[in-house]
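Following: one structure in structure tokens, then a few remarks.
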Amino acid sequence: LPKDGLCKYTAKPSGTLCGKAGDCASQCYGGSCQKVGVVTGYVGTGANSTINGPVGKGAIAGPIGIAPNPAGGFWVASYDGNRIRAVAADGTLSGYVGSGTYGYGEGQGDQVRFRNPWGLAADKDGTLYVADMNNHRIRKVVKGVVSTLAGGLSGFADGTKTLAKFKSPRAIALGPKGQLFVADSGNRVIRRIDPKTGKAELFAGTVGASKWVDGPKEKASFYDPTGLDVGADGTVYVADRSWNAIRKIRPDGMVLTVAGYGSSNVHVNGVGRFSSGFYYPEGLMVLPDNTLLIADRYNHLVRRVWPDGTTTTVVGFDVPAGKNVGAYGHNDGQGGDAKLNGPIAFARDPKTGVVYVSDYSNRRVRRIQLDVEQCSALSGISKANSAKSCKAIKPLAKYFAPSAYWVDPDGAGGVDAVRTQCEMSTAGGGWTRIHNGVSEATIAALNGKESRMMLKCTDAGPEYILSPKTAE
């Protein structure tokens, strides 16, 4: 716990980039650097069009699935334009396959027709796989020639090639052994396809079961699987969209929930399945360090889930936990200065590590440089408040799920503002308990404009970090 004394201003302001180690450290409470992303525009002008051209002129209608092209650049599925577009390494946008006419057709170039292509996956040889959602097919593109790998009629059936049936397949991903995994969203299951034979089979979930059940993959169920990727060890990760949860299917066949707990219209960072919240997590991607990038569509954020279960925000305008962010836009910038509008899917350049995200409602593909360190919003002490007393606050008698509270830092009394969903009781009295839903304005009126201390409830006990937050 912090000791009595005066805080000395040594930390950089919140939001500035970290420099050498220790620049973000507070002598009182140990501020820290957090890893965020820097977003820059790349492909698309915002126009609902299929114009080819260089960066700043090429336009794309409804970008969703993205897959890197081994020759350089990437492919992107134009969901609204019913085409697969090609993006060169310099950002020049051109057509690849598809006439733009809504329908079904195979062959080359403009002979090809799609009905809302969604997910893309590409192998090392440049073979491209397309989840053709409303044709209920998985298509295969080899050197510009399109054919059906599996599927045809809407429904559910295991089988080879067109004997197999899918219902609105969305995300697809290749596993380490070359097998293709499909989020068969309309059937609420995960399918597996052998790309060599076109044989499709049920991999995990219960067909048609609209519920959320963890357990052996034969008995588990998904509510609305839309995003999917596969780790190097064969673990399949699934964005269970309408249940606002991130699931995984381990190599031993167990289905588990990694993060999220079903509630919608929330944005909560935390540790574990019941302490982080999403609002329609549409897509995800496994990074080389085994962290997950999450396209939190209706929060307009890119989130990250770490191996220990911690969820953080990488880019997008952040607001207090428990509220729908809703702050969409197309600003470039780092961390919370950047704005998105309905991110859905990712691809990563294996050479540079740069991540591309389909910013669907902005009709753009944006570029994200990961692991840029900036001072955490919970580090850095304003000079105006640097002389506040660091008197310790009495520890909690009980603490529950990891969460956060704003409390009076100098022990002068007043009201403690509950910021998220952790309930607490206090030892020794002297604290006023306030339930969820108290507004910032109410706290400002009760407490003036004093700075706040963050109290984080953890399984090991309370942690205290002085914050630069000032109620206004």
If the condition is side-chain contact (heavy atoms from CB on, under 4.5 Å), which residues does [X] pass it with, not counting sequence neighbours?
{"X": "L153", "answer": "K165"}
{"X": "V354", "answer": "T352, Y356, R367, Q369"}
{"X": "Q111", "answer": "Q108"}
{"X": "N341", "answer": "H300, Y328, D359, S361, N362"}

CA sep, side-chain torsions, deciding dist, call: L120, I84, side chain to side chain contact (heavy atoms under 4.5 Å, CB included): CA-CA 9 Å; L120 298 182; I84 307 302; 4.0 Å; yes
Is there a side-chain contact between V286 and L292 in this structure, where contact means two heavy atoms from C-beta onward sitting under 4.5 Å apart?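 In contact.
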Are L149 and I193 packed together at the side-chain level, in the sense that at least one heavy-atom pair is separated by less than 4.5 angstrom?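 They are in contact (side-chain heavy atoms under 4.5 Å apart), so the answer is yes.
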Ignoring hydrogens and geometry beyond distance, is a side-chain donor-acceptor pair present between Y360 and D80 at under 3.5 Å?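 Checked: Y360/D80 side chains pair up, N/O donor to acceptor below 3.5 Å.
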Compute whether any side-chain donor of one residue and acceptor of the other, for T291 and R304, lie under 3.5 angstrom apart.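 R304 and T291 do have a side-chain donor-acceptor pair below 3.5 Å.
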All pairs passing side-chain hydrogen bond (donor to acceptor under 3.5 Å, both in side chains) where [range] contributes a residue, at least two apart:
{"range": "residues 223-237", "value": "D224-R241, D224-S242, D233-T235"}
{"range": "residues 112-121", "value": "R115-N135, N116-N134"}
{"range": "residues 137-146", "value": "Y104-R137, D132-R139, R137-T148"}

Got a sec: does the NZ of K167 have more than 12 other heavy atoms crowding it under 6.0 Å?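 Counting other residues, nucleotides and ligands, NZ of K167 stays at 12 neighbours or fewer.
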Return the set of residues passing side-chain hydrogen bond (donor to acceptor under 3.5 Å, both in side chains) with [X] (not counting sequence neighbours), or none when no residue passes.
{"X": "D194", "result": "none"}
{"X": "Y129", "result": "none"}
{"X": "T312", "result": "W306"}

Under the salt bridge (Lys or Arg N to Asp or Glu O under 4.0 Å) definition, can you give me all pairs with a residue in residues 200-213, not counting sequence neighbours?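 Qualifying pairs: R192-E201.
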Taking only residues two or more places apart in sequence, or in another chain, which ones meet Y96 in a ring-ring contact (aromatic ring centres under 6.0 Å, His included)?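 Applying ring-ring contact (aromatic ring centres under 6.0 Å, His included) to Y96 gives W75.
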Looking at CD1 of I246 and CD1 of I294, how far apart are the two atoms once the value is rounded to the nearest 0.5 Å?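 The distance works out to 4.0 Å.
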